[in-house]
Amino acid sequence: MDIAKTYNPGEAESKWYPYWIKQQFFKSTPDHRTPYTIVIPPPNVTGVLHMGHMLNNTIQDVLIRRARMLGFNACWVPGTDHASIATEAKVVKLLADKGIKKAELSRDEFLTHAWDWKEKYGGIILEQLKKLGASCDWDRTRFTMQDDMSDAVLDVFVDLFNKGQIYRGVRMVNWDPQGLTAVSDEEVIHKETNSKLVYVKYKIEHSNEFITVATTRPETIMGDTAVCVNPKDERYASLKGKNVLVPIVNRVVPVIFDSYVDASFGTGALKVTPAHDINDFNLGQKYKLPTIDALTPDGKISEAAGAYIGMDRFACRKQIIKDLQEQGLVEKIEEIKNKVGYSERTDAVIEPKLSMQWFLKMQDISQPALDAVLNGEVKLIPEKYINTYKHWMENVHDWCISRQLWWGQRIPAWYDNKGNTVVCKTKEEAFEKLKAQNADIKITDLNQDEDVLDTWFSSWLWPLTVFDPKVITNGWDNANADLKYYYPTNDLVTAPEILFFWVARMIIAGKEYTGLKPFNNVYLTGIVRDKQGRKMSKSLGNSPDPLDLIKLYGADGVRVGMLLSSPAGNDLLFDESYCEQGRNFANKVWNASRLILGFEVDSTGNITQPQSSKAAISWFENKLSEQLEMINDHYTKYRMSDALMSTYKLVWDDFCAWYLEMIKPEFIDGKAQAIDAATHAATIHFLEELIKIMHPWMPFITEEIWHLITERKEKDCIIVATWPQVKSERNTKQLTQFEICKELVTMIRNVRAQKQISPKEKLEVIERSQHAPSFFNSTVIKLGNLSAFNYSNNKVEGAFSFVIANTEFYIPLANNLNKDEEIQRLKKELDYNKGFLKSVQIKLSNEKFVANAKPEIIDVERKKESDALNKIKSIEEQLAVL
RNA sequence: GGGAGCUUAGCUCAGCUGGUUCAGAGCACCUGCCUUACAAGCAGGGGGUCAAUGGUUCGAACCCAUUAGUUCCCA
């Protein structure tokens with residue numbers, strides 16, 4: 001057979017992915033088998049594949065592929081998220097590039113553009129996932145704004161409203177002046193920023209005195225409606241009942257006293273701007289202060305401010321400092337570091353702003369979700385996130401679910417011309433309901449709420465609605481067959497950043513609508529960072545394009561690279577060298593296969609199986625079983641990189657470096673001999689078992705080799721092959737014996753290297769014992785290139801000597817032995833063993849140790865002692881001979 | 001400011017109930033090899049005061065306390 005010397009990933013990838021699809025191997029429908037289900041964390045429909053997706057989805061694919069091989073009905077549901085803010089921003093920008101302003105479009109016109117865009121460019125990311133080998137059931141692809149999915153979202157809104165869990169009210173929200181929408185607390189990122197703390201003097205009414213107030217936001221001065229100090233602060237005791245003048249606008253405002261103010265920060269006096277700070281807002285409520293909103297929605301100074309009208313908030317900040325300085329009202333300016341909130345989506349500085357929004361009460365509804373994690377019903381991996389989860393769930397705030405956008409599910413609330421409001425799904429329903437309150441209403445008098453719902457208000461239903469969007473109205477008892485079969489799903493693989501955004505809320509929704517958790521386990525991946533530990537991001541330009549990596553190293557190589565060093569919950573400091581390692585591994589496997597498939601097999605039956613091959617097969621059977629058990633164990637504990645590393649070492653070290661060398665036919669007269677049929681069959685079997693174990697990590701190369709091994713039937717593919725079984729009994733003694741064999745071979749190689757003896761020159765090994773020949777003697781002869789493996793009861797002179805596991809060995813070296821060197825070496829070894837013996841004996845002579853330690857431990861120490869004594873004895877004997 | 005975590009080899013990480021020669025793995029590094037599967041390889045090798053200090057214990061990388069550094073979450 002002619003097989004290329006290096007593996008060509010591209011070829012295998014473009015061959016097998018379409019083949020799998022054609023054979024419908026990814027497809028899942030409910031049947032008699034146990035399901036294994038994963039729903040994908042739906043990427044933004046605007047998204048392009050980045051390293052985070054790569055990591056995340058590779059893990060999911062590994063889990064799904066292994067489950068499939070284990071005989072589960074594996075179902076991985078893909079899809080995308082409509083991502084209100086991100087998508088709307090993208091479409092707005094695109095239109096702007098064409099000279100179209102959003103403001104000039106009607107809602108419907110805008111949505112037509114948005115849908116066009118979505119149809120044309122949306123979901124590229126799903127195509128990209130195919131490149132890495134993701135075995136999703138593409139027929140189940142879902143989008144969070146599909147009609148039935150959206151219906152479910154509205155059903156939930158109406159339902160929760162009717163249950164009294166949703167309310168509308170004026171609250172301080174996080175306002176994104178660029179996206180022109182409210183965002184939730186979780187969408188605000190606090191960054192340390194250099195700011196100026198300006199000390200501004202406020203004139204005290206009817207006096208020539210001033211009170212100084214420190215602020216980082218002087219542009220909100222026009223919105224001040226009080227100055228507040230701590231009642232215990234003696235510096236300001238005289239100001240009781242006094243008023244002060246707000247600079248610039250010269251408004252008279254009271255001085256109020258509240259212990260909220262920290263007397264040690266700034267001057268101990270706080271300007272109170274209820275419209276622009278949550279704490280000030282609370283003070284305003286408490287002291288019934290007026291609220292002056294000095295900013296417009298897009299972050300400019302408003303009419304209400306009475307000065308600088310129309311100026312940008314940051315420009316105004318500069319200008320007002322300058323003006324205040326000119327009026328002599330600035331006492332000083334300090335440079336400080338403070339945390340400023342930025343919008344996750346637009347990166348604009350968030351304004352706390354009062355506005356009318358819809359909220360979901362979180363207190364009661366979140367309780368079952370908290371319990372589910374605390375009582376272990378839903379497992380978080382790694383467990384350390386339980387604390388974080390608990391902390392958040394116990395301090396949860398009501399969730400602001402309205403967004404001032406068009407792209408999304410429009411809030412099903414209807415208003416009439418008389419200030420009545422009803423919540424229901426359709427305008428007709430609303431009309432009927434409103435008629436009761438407002439007899440002469442016409443349907444044209446009805447207005448629907450302008451806002452849409454937060455994206456997370458649809459994605460929190462994801463594990464439910466991808467299977468049965470009608471479950472909200474029909475209820476769990478009447479759920480469709482899919483949901484009944486696949487739900488709760490098994491594993492969710494996602495980033496810790498969205499533990500609250502998404503994971504917690506899915507548990508809430510799952511509990512609320514089915515009484516069941518949405519998944520058993522949540523595997524939290526780390527964040528992919530660059531070598532300097534910076535998060536990979538578009539703006540930093542430090543993220544490689546995963547598709548380029550795939551071209552360079554092959555999908556299998558990149559998959560292995562990503563997972564080699566990313567235990568659950570640990571950030572992955574990505575470096576391309578990992579991919580290189582992955583690629584090298586693929587190539588190693590490729591070449592091992594090339595060797596095996598290139599064997600000339602004895603068809604005459606004349607070649608008998610060598611003892612060394614029998615030994616090799618027996619050993620590897622045991623080794624394979626031992627390692628497989630360990631690998632399975634790693635999987636069960638979600639130790640993905642450990643499972644991969646064990647697989648890697650099983651293949652590279654045990655199989656390639658030892659087993660194949662042991663069974664490789666010899667060369668005689670420059671020609672490779674044929675291999676006996678029995679050894680060949682066993683080796684092919686091992687190769688098949690190994691590539692099955694490798695398949696979840698490296699789907700393409702393993703499928704390719706699977707088909708190179710032999711001609712196979714249409715559906716006989718490794719992707720649906722059965723995961724290997726662990727042998728019920730294992731010859732552990734043989735495994736230990738082989739370790740001695742390995743040591744012996746290594747020793748022989750060392751002697752060759754030290755004495756510069758060619759690997760081709762045959763040596764002899766003599767074991768000092770009367771033992772019957774060991775099972776692995778023929779192996780040692782083969783790997784060590786020995787002329788003979790002999791036994792002797794006596795010491796052998798003029799030989800290199802060493803001890804392995806209490807047995808002495810000799811390699812006769814005729815003229816090559818340097819006595820002084822030998823003495824040196826043996827003395828060094830003697831010293832080490834004497835030191836070791838001493839430490840063991842100290843332990844054993846310690847009465848407290850003997851009294852307290854477990855008997856097994858003491859036995860072990862006794863064994864160590866006697867072993868060391870033996871070893872010392874034999875080394876001393878050797879030294880005596882020299 | 002409040003909370004949680006982390007610190008083990010040059011790098012990335014294991015180390016599960018405190019007890020085998022327990023101080024490990026992979027990569028990187030060094031030395032020697034183009035040995036007819038593979039130089040994307042083979043054979044060998046060096047490398048760590050387990051952050052610091054104190055304590056508990058017969059015994060500590062592991063348990064406790066303090067300190068330092070660091071990351072994340074919340075305000």
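Numbered from 1 within each chain, the chains take letters A, B, ... in sequence-line order. Side chains are part of it too, since the values below use all heavy atoms of this structure and drop only hydrogens, waters and symmetry mates.
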One character per nucleotide, please: for nucleotides 25-37 of chain B, 5' to 3', B when the base has a protein heavy atom closer than 4.0 Å, S when only the sugar-phosphate does, - otherwise. SSS--------BB

Which residues pass the side-chain hydrogen bond (donor to acceptor under 3.5 Å, both in side chains) test with A/Asn632, not counting sequence neighbours? A/Arg66, A/Trp723

Taking only residues two or more places apart in sequence, or in another chain, which ones meet A/Arg862 in a side-chain hydrogen bond (donor to acceptor under 3.5 Å, both in side chains)? none

Using a cutoff of under 3.5 Å, can you pull out all pairs of nitrogen or oxygen atoms linking the protein to nucleotides 63-65 of chain B, with atom names and distances?
none

Among all residues two or more places apart in sequence or in another chain, which pass the salt bridge (Lys or Arg N to Asp or Glu O under 4.0 Å) test with A/Glu383? none

Which part of the nucleic acid, if any, lies within contact of A/Asp859, taking any heavy atom under 4.0 Å across all strands shown: a base, the sugar-phosphate backbone alone, or nothing? nothing

Distances for protein N/O vs nucleotides 1-7 of chain B N/O pairs under 3.5 angstrom?
{"from": "B/A4", "atom 1": "O3'", "to": "A/Asn387", "atom 2": "ND2", "distance (Å)": "3.3"}

For RNA chain B, list all stems, counting runs of three or more consecutive pairs where every pair is Watson-Crick or G-U wobble with both distances under 3.5 Å. B:1-7 with B:68-74, B:10-13 with B:24-27, B:29-33 with B:41-45, B:51-55 with B:63-67

Contact list for residues 652-661 of chain A, test salt bridge (charged side-chain N to carboxylate O under 4.0 Å, His left out), sequence neighbours left out: A/Glu661-A/Lys664

Describe the nucleic acid contact of A/Thr746 in one word from base, sugar-phosphate, nothing, applying a heavy-atom distance below 4.0 Å. sugar-phosphate

Please enumerate all residues that pass side-chain hydrogen bond (donor to acceptor under 3.5 Å, both in side chains) together with A/Asp258, with sequence neighbours excluded. A/Lys286, A/Tyr287

Separation of the C1' atoms in B/C63 and B/G46, to the nearest angstrom: 34 Å

Residue pairs, two or more places apart or on separate chains, that pass salt bridge (charged side-chain N to carboxylate O under 4.0 Å, His left out) and touch residues 585-602 of chain A: A/Glu600-A/Lys671

All N/O pairs under 3.5 Å across the protein-nucleotides 55-58 of chain B interface:
{"from": "B/C58", "atom 1": "O2'", "to": "A/Asn846", "atom 2": "ND2", "distance (Å)": "2.9"}

Is a salt bridge present between A/Glu351 and A/Arg217, judged by a nitrogen-to-oxygen distance below 4.0 Å? yes

With sequence neighbours excluded, what pairs up with A/Asn852 under the side-chain hydrogen bond (donor to acceptor under 3.5 Å, both in side chains) test? none

